[in-house]
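Every chain is numbered from 1 and lettered A, B, ... according to where its sequence line falls, protein lines coming before strand lines. What's counted below: heavy atoms across the whole structure, side chains too, no hydrogens, waters or symmetry copies.
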Amino acid sequence: MNFDDTPQEAEFRATARAWIGANAPKQYEDELRKSSLGRTALKNANILDVAKAWQKKKADAGWACLHWPKEYGGRGSSPIERVIWQQEEGPFGQLSRMFIIGHGMCGPTMMAFAREEHKRAYLPPLASGEKVWCQLFSEPAGGSDVAGLRTRAEKDGDDWVINGQKIWTSGAHYSDYGILLTRTDPTVPKHKGLTMFFLDMKSPGVEVRPIKQASGASDFNEVYFTNVRIPDHQRLGEVGDGWNVSLTTLMNERSAIGAAVSTGFPELFEYCASLMLDDGPAIEDRAVRSKLANWAAKASGLKYTSMRAISALSKGERPGPENSIGKLVAGSMIQDVATYALDLQGASGVVSGEEAELAGRFQAMLLRAPGTRVEGGTDEIMRNIIAERVLGLPGDIRVDKDVPFNKIPTKGRG
Amino acid sequence: MNFDFSDDQKQLRDQARKFLAEKCSPKAVRVVLDGKAPYDKDLWKGLAEMGFLGVAIPEEFGGAGAGHLELCVIAEEMGRANAPVPFSSTVYLAAEALLIAGGDAQKKKWLPAIASGEAIGTLALFEGKGNPAPKNVKLTAANGVLNGVKKPVADGAIADFAVVAARTGSSGRDSDVSLFLVDLKAGGIEVKSLTNLDPTRGQAEITFKDVKAEPLGAAGEGWSILTQVLDRAAVLCAFEQVGGSDRALEMGRDYALDRIAFGRQIGSFQAIKHMLADMYVSATLARSNSYYGAWALSTNAGELPEAAAAARISATQAFQHCAKNNIQVHGGMGFTWEFDCHMYYRRANAMALGLGSLSYWEDQLIDRMRKKNAA
């Protein structure tokens, strides 16, 4: 049991560190380091521009999408090298969040299902950040129940004609391309009538409407499709096989481990160490200490759980469903931590902005936290995954499983 | 990086699990639970023969000299099997105190006896309610003669010797406490068994009346030695707790798969599935914190105090959580004497107190984190 690099890993780390040291946009380091969940905007620069510039620089020097094959713009690195890169990139890694959907999910799906000429044309500019991709899966009628989606794709000559609506599409407002899951046959059970495509987000008939979230920010969008035409050669996988294609996408989502999960704890600890309560420093208070200690043990538990996963990766094992626990634990922890931080301020906990202590850092965290518990699978879906795929308990009963999609009831009452 | 046990260590775990499955069935545990024996003597002998008692004791003192990672592996299995033997008091507390502070003659006398299963040891620290603290040590030592009462003392009624914390000064500082090594068969000692939450590991009250004792470690160093012993024991107990958590989770999972209600396996209801998923989560966090503790313990890293406290908190909570919800999954059967759920529930809640309460360790963790931040 040790935390040491192998000689090869140490060499990789040293090379990466030297390159990052010489090339990273250091003027933003402090701001990125201090940005907590719900707060990644830069004060005096457009974060997308900064992110694109950093990504391009990495791509030109061979540091983009480390685990992708070289011919598609990657580096062909091992999973452990990818983790070492993330550790060394530190706060600058936050800039990659703009590309996480494209790099983590759309790219691998393209690699598995697109034609070779499309892979060569579309993947390198995706890797280098010149083109941004989004993933068009969720719908108002299909959130956790992704296969319940209603967006229609109908064949018309060599094209498909798309009509419908997607929702919760991260980054659609600055995306160039997207992968799109549609229903091509409503007369068969829901998982069997789906087909996947990729499309140009500038196509006629695509309309992106940002959603203003509880936090006031707009990271997500609604996307409307009105007679949008997609050529058949942009289909990913067979007609009717869209569910399997989407599983590849979602499975790749899970392998994005190694990146530290935000828990809000370091922020809270730092805050309690300096905060004065009526009876003295917060960190001297018995009740505060008890809360902090419990969260400290959770945060370190998560940290070392991810170390164990990285260890398994380095031995060539694949990330399994047990990695769902990071998001499950961190999501509600962030929410509780933010609530508690405000509680410690008493009535003035409601105030945010320039006038407030910490300028509303924990308020922003509080308002963003509910999203963390929902996106990429709700807490409840995460628990189902653990119960079914780790512990081997029976799957949920799905009464619509064998029913043709157009016969599934759509309303609970009336 | 290899943040995992080695193949050899995993093999040792399999060996220990197999041995305990055979020699320490729930039926065997019940002999002690029902009060028919103070501990499982055959199992104790068997553990000695397998080399498990002396796994971390150096070869020159009769042990296997393997190391603390190996001891962690065994500890997990002891917890999984709910073994009714004085393993934690003898191996984590008494042996560790000797390894840290014992003189050569003391080590030569007691460590081989521990490894061979001839001597049971314990730590006599507590004196009624209260957490580990120098001010709570009232038993006095003057000119090597002890007077006072210790309780509860884990496995005190079956122990052959004890490491005793005694007051040797009145400065109000940590240096008021010194440690002594006492042969419990000596005169002037009165031992009384106490009724306790977990009869598979006994508790006793020990009264010392003018008992001659030899110092363990330097005078005035008692508290600093004790802190180290408690930290090391916290990591080792955490592994027992992780083993117990896993077993309780497994029992709950198996029952949820077997039991039918409303025409379905109860494990198909989300209320049950999610409860078991949460048990898995707490057991996993505890395991990961314990691995970090194991690394710190085996390398004697400066991070040990913080790692030990985090492992202690997380493993205590996980075992309590898993043992409690295992009963809930079992429904009415879960709290009968006949089902085994209560054995883990008792052990979980007894272990939560043995090295000082959760709030004590919470306090320790924050102190240690602050120290690290200040450094």
Electrostatic pair A:R289-B:E362, nearest N-O below 4.0 angstrom: no
side-chain contact (heavy atoms from CB on, under 4.5 Å) between B:T299 and A:N2, worked out: CA-CA 9 Å; B:T299 55; A:N2 66 62; over 6 Å; no
What residue, out of B:E250, B:Q265, B:H274, has the most heavy-atom pairs lying under 4.5 Å from chain A? B:H274
Non-hydrogen atoms of chain A under 4.5 Å away: do they reach the side chain of B:S6, the backbone, both or neither? neither
Flag side-chain contact, heavy atom, 4.5 Å: A:D396 against B:K273: yes
So, do B:T284 and A:R308 sit near enough that their side-chain heavy atoms are less than 4.5 Å apart? yes
Could you check which of B:M279, B:M275, B:R253, B:Q9 has the highest count of heavy-atom pairs closer than 4.5 Å to chain A? B:R253
Measure A:K315 against the heavy atoms of chain B and call it side chain, backbone, both or neither at under 4.5 Å. side chain
Flag the one option from B:R312, B:E306, B:R287 with the top tally of heavy-atom pairs under 4.5 Å to chain A. B:R287
Side-chain heavy atoms of B:I366 within contact of A:V288, under 4.5 Å: no
Closest approach of A:A297 to B:S314 (non-hydrogen atoms, all atoms of both residues): CB-CB, 4.2 Å
Taking all heavy atoms of A:G392 and all of B:L257, pick out the closest pair and write down the distance. O-CD2, 3.8 Å
If I measure from the heavy atoms of chain A, does B:L365 come under 4.5 Å with its side chain, its backbone, both, or neither? side chain
By a 4.5 Å heavy-atom criterion (distance strictly below it), what part of B:N373 contacts chain A: side chain, backbone, both, or neither? side chain
Sub-4.5 Å side-chain heavy-atom contact between A:Y304 and B:Y291: no
Any salt bridge between A:R286 and B:D363, counting N to O under 4.0 Å? no
Quick check on A:S290 against chain B: is it the side chain, the backbone, both or neither that has a heavy atom closer than 4.5 Å? both
Contact between A:L391 and B:L249 at the side-chain level, heavy atoms closer than 4.5 Å - yes or no? yes
Given that the side chain runs from C-beta out, which part of A:D379 has a heavy atom under 4.5 Å from chain B: side chain, backbone, both or neither? neither
State, with a plain yes or no, whether a side-chain heavy atom of A:K298 is found less than 4.5 Å away from one of B:Q317. no
When you look at CD of B:Q328, are more than 12 heavy atoms from neighbouring residues, nucleotides or ligands closer to it than 6.0 Å? no
Please classify the contact of A:E380 with chain B as side chain, backbone, both or neither, using a heavy-atom distance under 4.5 Å. both
Side-chain heavy atoms of A:T6 within contact of B:M1, under 4.5 Å: no
Between A:D4 and chain B, which part of the residue has a heavy atom less than 4.5 Å away: side chain, backbone, both or neither? backbone
Could you tell me which portion of B:F5 (side chain, backbone, both or neither) has an atom closer than 4.5 angstrom to a non-hydrogen atom of chain A? both
Pick whichever of B:S290, B:S298, B:A310, B:S268 has the most heavy-atom pairs under 4.5 Å with chain A. B:S268
Check whether any side-chain heavy atom of A:F269 sits under 4.5 Å from a side-chain heavy atom of B:R370, and report yes or no. yes
Smallest separation among heavy atoms of A:G301 and B:L285, with atom names: C-CD2, 3.6 Å
Measure the CZ-CD1 distance between B:F269 and A:I397 for me, rounded to the nearest 0.5 Å. 7.0 Å
Would you compute the distance between atom OH of B:Y280 and atom OG of A:S324 and round it to the nearest 0.5 angstrom? 9.0 Å
